[in-house]
Amino acid sequence: MPKEVEIMKKALSIILSIVMLFSVLAGLSFNAYADPIAGERIKFGTYPQSEVKDAALLSELRAIDFSGKWISYGYASKTGTQPKDTTDFGDIGMAYSDFSYKGASYRAVKFPQYRSNSQYNNGYTSGEVYFFKFEPLTWIVYFVGPDFGNADQLFVLLSEKTIDAQPFIESTFTGTDGCSKSFKQYNGEYYDSNHFLLSSVADFLNGPFYNTAFDSTQKGKMDSWNASNRSDSTSYQCVDMGTCKMPVTLLHEEYLSIYAPYNTDRSANVNRIGTPTDYAKIQGLDTTTDIKNHWMLLDATANSTHILGVRNDGSISSQHATRDDTGGIRPLILLKNFCSDSYTIPTFKNAYRITTSTMNSGGSVSASQTVFSGSSCTVTATPSLGYRFDGWYEGSSITPVSTNASYTFTATGSRTLMAQFSQSSPIYKINVSASPTAGGTVSGGGSFIPGNTCTVTATANTGYSFDGWYENGTKVSSTASYSFAVSASRTLVAKFTQNESGGGNEGGSEGDNNGGNNSSGEETKPSQAYPTITTLREQNSDSSLQGRRRLQKAAQRSNGKSRRARRNL
């Protein structure tokens, strides 16, 4: 009895352990998302983007009292050429206020005037207050690779949209050398205004934008760039000021080629056209339509007051002035180790991977691709000779999702599609070769199905003539271009013969030539002399050939008579 009790106790202990294990597992949050690949889109961080246009909601928001809640952008009116810290530059009064209302976050923008006359009003009127909703930022996964020197996997993300508009440098002034300089100092000196490390846009990206767009958890997933000044011209090199750790930066032209659709060709490219948010437009963004705008790169140019920028046609220009208030901003950030810990990107990525493969040999399929949610996707299967396409299969299903070799569908998720082929007819091989190999060349062999017509061709090299096509030692055709209906595999050999050189010895040697003696001493009849094998063209073109032969034969007969006479003596 005690032994049975002990067994029961052990059984209960095991059961309790299993129950506890399942309880622990149930409380865990598993990360079901795979790391994204270059070209996919993800959501990360938030920023004011869409303007509130709903009349009822606008009425409610305008009723909110923002007294004492406005925060100045700190934008200065640019009516002079002095540094920003002089009294000649007054705050233009453009301010904002972030707030929550009914579970959503908004930014109110107080808009008395623009910073300069060059800015685009994009339909906005000064003196008004406008409201913009905070929405998740969409990023293009621009590059995936290891963090050099560390074990982290890095993901470079480029903002899909132009989210703001700022000048590259807030203010410049004319130095004693007549050159435009930055208002900032470095080691006690003023520097050219196209230095990214000293730029206003770098301050904006790593200050107001960084602190507004990302919470503490998101910041923990971000890495920092070793930002430095870069120039697109070998004739102009930026002053070396080392590097500075920055979590947010602009895209460098040199890196455009990392993501193939962008490339580094400076001509117009639709893939580089910037798409603005409403919020970017109220900031004075240079935009021609709702879907086209300018945006800045960080490259300095040989002109110390200009940087590279992308025009609204997608071309790259070196004429973007550093004080231009209309330059769009598309931030670039680094994330590390998406799925190596419990943290998951706040919202789903909206791009899907369509993977294609074949279930068996017998054909090929179009390459795997990344497509975006709701877009049309087409996969194509191409059967090889002697095979037919049976269908596209997905997962373990025994029923094809499509029997069309070109299958088009709307992307609603990642898919793995497999094409199945089956053999529809025998495949015969026609092998061709030349004998000797120096005699000529052959063509026309390959794979065929029954009923196909095959034409094999032999071409003799110089000094050779085509003799015929042979199969198993038997001549099957004397025609150099031989056609036949395929009904079985065959091995065909094109034989060539080497042409003789010279015109031949028509007189021959003693006892074997015209006029010579046979074994009985009787005079032999002249033997027929065969000319050297030549082309008919050569024979016909030589009108004196026969005459020369008659003279040759006469000389041979005369020589023969002379020899017999000498022997008789």
Side-chain angles (χ1 to χ4, degrees), residues 355-369 378-409 416-500 530 533-539:
T355 304
T356 52
S357 63
T358 58
M359 296 178 68
N360 52 4
S361 59
S364 60
V365 295
S366 54
S368 299
Q369 56 189 295
T378 299
V379 292
T380 305
T382 305
S384 300
L385 182 70
Y387 286 82
R388 64 171 175 266
F389 171 74
D390 292 332
W392 287 102
Y393 291 79
E394 188 170 18
S396 59
S397 173
I398 60 174
T399 303
V401 295
S402 176
T403 55
N404 294 322
S406 182
Y407 172 36
T408 300
F409 57 91
T416 298
L417 298 170
M418 296 168 287
Q420 180 168 293
F421 305 93
S422 60
Q423 192 166 353
S424 58
S425 68
I427 302 172
Y428 297 131
K429 294 283 188 179
I430 306 299
N431 299 309
V432 292
S433 62
S435 178
T437 55
T441 58
V442 294
S443 62
S447 299
F448 300 84
I449 61 175
N452 281 172
T453 297
C454 175
T455 299
V456 293
T457 303
T459 304
N461 289 335
T462 302
Y464 288 83
S465 296
F466 173 72
D467 177 50
W469 284 103
Y470 289 77
E471 185 175 20
N472 298 323
T474 302
K475 181 185 285 189
V476 295
S477 177
S478 299
T479 305
S481 183
Y482 170 39
S483 298
F484 56 92
V486 176
S487 59
S489 294
R490 302 179 69 179
T491 298
L492 299 172
V493 179
K495 290 189 177 182
F496 302 91
T497 56
Q498 190 170 11
N499 301 335
E500 295 180 8
Y530 293 93
I533 299 175
T534 59
T535 63
L536 293 175
R537 184 182 304 168
E538 291 172 340
Q539 292 177 358

| request: Indicate the atoms forming the closest heavy-atom contact of Thr416 with Glu394, along with that distance. | output: O-CG, 3.5 Å
| note | The side chain to side chain contact (heavy atoms under 4.5 Å, CB included) partners of Ser402 (sequence neighbours excluded) come to Trp392, Asn404, Tyr407
| task | Kindly determine whether Val442 and Val456 satisfy side-chain contact (heavy atoms from CB on, under 4.5 Å), including the steps that lead there. | result | CA-CA 7 Å; Val442 294; Val456 293; over 6 Å; no
| remark: Distance col, row Leu492:CG vs Tyr470:OH, nearest 0.5 angstrom, shows 12.5 Å
| said: Would Arg490 pass as a cation-pi partner of Phe484, given that its NZ or CZ must be under 6.0 Å from the six-membered ring centre and within 45 degrees of the axis? | reply: yes
| message | Taking Leu417's backbone N and O only, do any of them form a donor-acceptor pair with Thr356's side chain (distance below 3.5 Å, no angle check)? | response | no
| field | Check: Lys475 main-chain N/O paired with Trp469 side-chain donor or acceptor under 3.5 Å | value | no
| note | In this structure, CD of Glu471 is separated from CG of Asn431 (nearest 0.5 Å) by 10.5 Å
| request: With sequence neighbours left out, write down each residue that passes side chain to side chain contact (heavy atoms under 4.5 Å, CB included) with Thr479, or none if nothing qualifies. | output: Ser477
| Hey, is the main chain of Val493 close enough, under 3.5 Å, to the side chain of Ser433 for a donor-acceptor pair? | no
| Can you name the side-chain hydrogen bond (donor to acceptor under 3.5 Å, both in side chains) partners of Ser424, sequence neighbours left out? | none
| Going through the distances and angles, do Ser465 and Asn499 end up as a side chain to side chain donor-acceptor pair (under 3.5 Å)? | CA-CA 7 Å; Ser465 296; Asn499 301 335; 3.0 Å; yes
| request: Can you measure from CE (Met418) to OG (Ser397) and round to the nearest 0.5 angstrom? | output: 9.0 Å
| message | For Ser368 versus Thr355, what's the shortest heavy-atom pair and its separation? | response | OG-CA, 3.4 Å
| Are Ser422 and Asp390 close enough, and set up right, to give a side chain to side chain donor-acceptor pair (under 3.5 Å), and what steps lead you there? | CA-CA 7 Å; Ser422 60; Asp390 292 332; 3.0 Å; yes
| Heavy-atom closest pair, residues Thr455 and Ser481 | CG2-OG, 3.5 Å
| query | Nearest 0.5 Å, what's the CD1-OG distance between Ile427 and Ser489? | reply | 10.0 Å
| task | Of all the heavy-atom pairs spanning Pro450 and Pro426, show the shortest one and how long it is. | result | CD-O, 3.3 Å
| message | I'd like to know whether Lys429 forms a side chain to side chain donor-acceptor pair (under 3.5 Å) with Ser447, so could you lay out the CA-CA distance, the side-chain angles of the two residues, the decisive distance to 0.1 Å, and finally the verdict. | response | CA-CA 5 Å; Lys429 294 283 188 179; Ser447 299; 2.7 Å; yes
| query | Quick check: does any side chain N or O of Asn360 sit under 3.5 Å from a backbone N or O of Phe421, one acting as donor and the other as acceptor? | reply | yes
| message | Minimum heavy-atom separation for Phe496 and Ala460, please, with both atom names. | response | CE2-CA, 3.6 Å
| request: Please step through side chain to side chain donor-acceptor pair (under 3.5 Å) for the pair Ser366 and Thr380, ending with a clear verdict. | output: CA-CA 5 Å; Ser366 54; Thr380 305; 4.6 Å; no
| Rounded to the nearest 0.5 Å, how far does CG of Asn472 lie from OG1 of Thr491? | 7.5 Å
| Could you go step by step and tell me if Thr358 and Ser364 meet the side-chain contact (heavy atoms from CB on, under 4.5 Å) rule? | CA-CA 7 Å; Thr358 58; Ser364 60; 5.8 Å; no
| Any donor and acceptor pair, going by atom type alone, linking the side chain of Asn461 with main-chain N or O of Ala438 inside 3.5 Å? | yes
| query | Less than 4.5 Å apart, any side-chain heavy atom of Leu385 and any of Ile449? | reply | yes
| task | Over all heavy atoms of both residues, which pair between Thr399 and Tyr393 is shortest? Give the atoms and the distance, please. | result | C-CE2, 3.8 Å
| query | Measuring from Tyr387:OH to Ser361:OG, what's the distance to the nearest 0.5 Å? | reply | 4.5 Å
